[in-house]
Novice: 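One structure follows; several queries about it will come next.
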Amino acid sequence: MPEGHTIHRLARDLRRDLAGEPVEASSPQGRFADGAARLHGAALESADAWGKHLFCQWSSGDILHVHLGLIGKFRRVAPAREPRDTIRLLLAGPDSTWQLTGPQTCALITPTERDDITAELGPDPLRRGTRRRSEFIRRVGATRRPIGAVLLDQRVIAGIGNVYRAELLWICGIHPETPASDIDPVLVGELWDLTGTQLRQGVDWNRIVTVSADDVDRRVTRTIKRDDALYAYKRAGLPCRRCHDLVLDMSLAGRTIAYCPTCQAA
DNA sequence: TACATATGATCAT
DNA sequence: TGATCCTATGTAA
C-alpha cells in the first residue's frame with residue numbers, strides 16, 4: 001500500500017526497530033547479494049522518507065535507497081519465518097526481522113546520488129522545511145495540465161498516489177480535469193494543508209482512511225471496514241457519500257480515478 | 001488452478 | 001498511450 005504515508009511510517013518503524021545495532025543482512029532472492037553483503041554487520045543510523053522514496057543511512061557509509069513501486073512490501077516478520085526466494089533483502093536485528101519484496105528500486109547509493117534523486121522531487125507535506133506550501137502553489141499554478149494528473153506528478157508534490165488523489169479531489173470538490181492553473185491559489189493552499197492532514201493520519205494508522213469524524217465513529221475507526229474508509233476511490237457506480245448521485249470513473253494520467261459529477265462539477 | 005488486479009514509474013512508440 | 005517490470009491477493013473457473 002505504498003503512498004507517501006506508508007514510506008514515512010516505514011522509516012519510523014525501521015528506525016525504532018533497527019537503529020544502533022548491527023544487523024544480519026542477506027538477499028535470499030539473490031538480486032541484492034552484493035548490497036546485502038556490504039550492509040552485513042552495519043548499524044542503521046537513520047531512516048527517512050521523501051515522498052515515496054526511503055533512504056536509510058548505515059554505519060558503513062552506505063545509503064540504502066528503496067522505492068516500493070506498485071507492489072513492493074517492506075515488513076516486519078516473525079524471526080523464525082522461513083526466507084523465501086522472493087525476498088530481495090532480509091534484515092535481522094537483535095529484536096526484529098524485516099523483509100523487502102518486490103521493490104521497484106533497492107540500491108546502495110552515495111549522498112550525491114541521493115541529492116540527485118531528491119532534487120527531482122517536489123515538496124513533501126510530511127517533511128520539515130520552509131516555503132514548501134508556497135512552492136506547491138507555485139508549481140500547480142504553472143501548468144494547465146489537469147489537476148488530477150498534476151497531483152500524481154512527484155515533481156509537483158511528493159507522496160500522493162492514486163488513492164489520495166481521488167480522495168483529496170473529492171473532499172475539495174474539484175473536478176479531476178480542471179486545468180491546474182485555473183484553481184484559486186487559496187484553494188490550492190487548502191489542498192496542500194489537507195494533504196498534510198490526511199498523510200499524517202495515514203502514518204498514524206498505517207492505512208488510508210479519509211472519511212471524517214462526521215461520517216464514521218472514530219472510536220471504531222481502527223476496525224473500520226475497507227468499504228467505509230474512503231469517499232471516492234473505487235466507489236464508481238455507488239452513491240456519492242455527500243449527494244447520493246452515482247460516482248463515475250474516468251482515466252487520467254493512465255490511471256483510473258473515481259469522482260462525483262455533481263460535487264466535483266467541471 | 002488460473003486469471004485479473006493493484007496504492008508506481010519508466011521506457012518505447 | 002501502451003508495454004513492461006516486480007509480487008501478492010482476491011475472485012472466478
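Worth saying up front: this structure is predicted, and the values here are computed from it rather than measured. Because only heavy atoms are used, hydrogens play no part in the values below, and waters and symmetry mates are left out as well, while side chains stay in. So that the names make sense, note that chain A is the first sequence line, chain B the second, and so on, each numbered from 1.
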Novice: Quick one: does NZ or CZ of A:R242 land under 6.0 Å from the six-membered ring centre of A:W170, within 45 degrees of the ring axis?
Specialist: yes
Novice: Is there a donor-acceptor contact under 3.5 Å from the side chain of A:R88 to the main chain of A:C106?
Specialist: no
Novice: Begin from the C-alpha positions of A:R38 and A:D34 and carry the test salt bridge (charged side-chain N to carboxylate O under 4.0 Å, His left out) through to its verdict.
Specialist: CA-CA 6 Å; A:R38 281 194 62 89; A:D34 292 350; over 6 Å; no
Novice: Can you identify which nucleotide, out of C:dA8, C:dC6, B:dT7, has its nearest atom closest to the A:I208 side chain?
Specialist: B:dT7
Novice: Starting the side chain at C-beta, find the nucleotide from B:dT7, C:dT7, B:dA6 nearest to A:Q29.
Specialist: C:dT7
Novice: Which part of the nucleic acid does A:Y233 contact within heavy-atom distance under 4.0 Å: base, sugar-phosphate only, or nothing?
Specialist: sugar-phosphate
Novice: Round to a whole Å and report the spacing from CG of A:L70 to P of B:dT10.
Specialist: 13 Å
Novice: Taking C:dA13 as the reference, what is the distance to B:dT5 when you measure between their P atoms (whole Å, please)?
Specialist: 12 Å
Novice: Please determine, for the side chain of A:R31, which listed nucleotide (C:dC6, B:dG8, C:dT7) has the closest atom?
Specialist: C:dC6
Novice: Roughly, in whole Å, what's the span from NE2 in A:H5 to P in B:dG8?
Specialist: 10 Å
Novice: Does B:dG8 have its OP1 or OP2 closer than 4.0 Å to a side-chain nitrogen or oxygen of A:H67?
Specialist: no
Novice: Taking the P atom of each, how far is B:dT7 from C:dT11, in whole Å?
Specialist: 16 Å
Novice: For A:R255 and C:dG2, give me the distance from atom CZ to atom P, rounded to whole Å.
Specialist: 15 Å
Novice: With salt bridge (charged side-chain N to carboxylate O under 4.0 Å, His left out) as the criterion, how do A:D153 and A:R145 come out once you've worked through the C-alpha distance, each side chain's angles and the decisive distance to 0.1 Å?
Specialist: CA-CA 11 Å; A:D153 186 341; A:R145 292 156 64 216; 3.1 Å; yes
Novice: Among C:dA8, B:dT7, B:dA9, which is the nearest nucleotide to the side chain of A:T101?
Specialist: C:dA8
Novice: Among A:R131, A:R133, A:R138, which one satisfies salt bridge (Lys or Arg N to Asp or Glu O under 4.0 Å) with A:E135?
Specialist: A:R138
Novice: With pairs taken as Watson-Crick or G-U wobble and both distances under 3.5 angstrom, which stems of at least three consecutive pairs involve DNA chain B?
Specialist: B:1-6 with C:7-12, B:8-12 with C:1-5
Novice: What integer distance in Å separates A:R75:CZ from B:dT7:C1'?
Specialist: 15 Å
Novice: Quick one: is A:K52 getting a side-chain N or O under 4.0 Å of the B:dT7 phosphate, OP1 or OP2?
Specialist: no
Novice: On a whole-Å scale, what distance lies between the P atoms belonging to C:dA3 and B:dA4?
Specialist: 14 Å
Novice: Please report the distance, rounded to the nearest Å, between CD in A:Q104 and P in B:dT7.
Specialist: 14 Å
Novice: Which value, in whole Å, describes the distance between the P atoms of nucleotides B:dT13 and C:dC5?
Specialist: 14 Å
Novice: Check step by step if salt bridge (charged side-chain N to carboxylate O under 4.0 Å, His left out) holds for A:D17 and A:R76.
Specialist: CA-CA 9 Å; A:D17 269 25; A:R76 186 193 292 113; 2.7 Å; yes
Novice: If we only count heavy atoms from C-beta on, is the A:H67 to A:L54 side-chain gap below 4.5 Å?
Specialist: no
Novice: Among B:dA9, C:dA8, C:dC6, which is the nearest nucleotide to the side chain of A:I71?
Specialist: C:dC6
Novice: Expressed as a whole number of angstroms, how long is the span from A:K73:NZ to B:dG8:P?
Specialist: 12 Å
Novice: Under 3.5 Å, is there a donor-acceptor pair between the side chain of A:R241 and the main chain of A:A232?
Specialist: no
Novice: C:dT9 C1' sits how many Å from A:K234 NZ, rounded?
Specialist: 11 Å
Novice: What's the CZ-C1' distance between A:R88 and C:dC5, to the nearest Å?
Specialist: 10 Å
Novice: Taking the side chain of A:Q154 as heavy atoms from C-beta outward, which of B:dA9, B:dT7, C:dT7 is closest to it?
Specialist: B:dA9
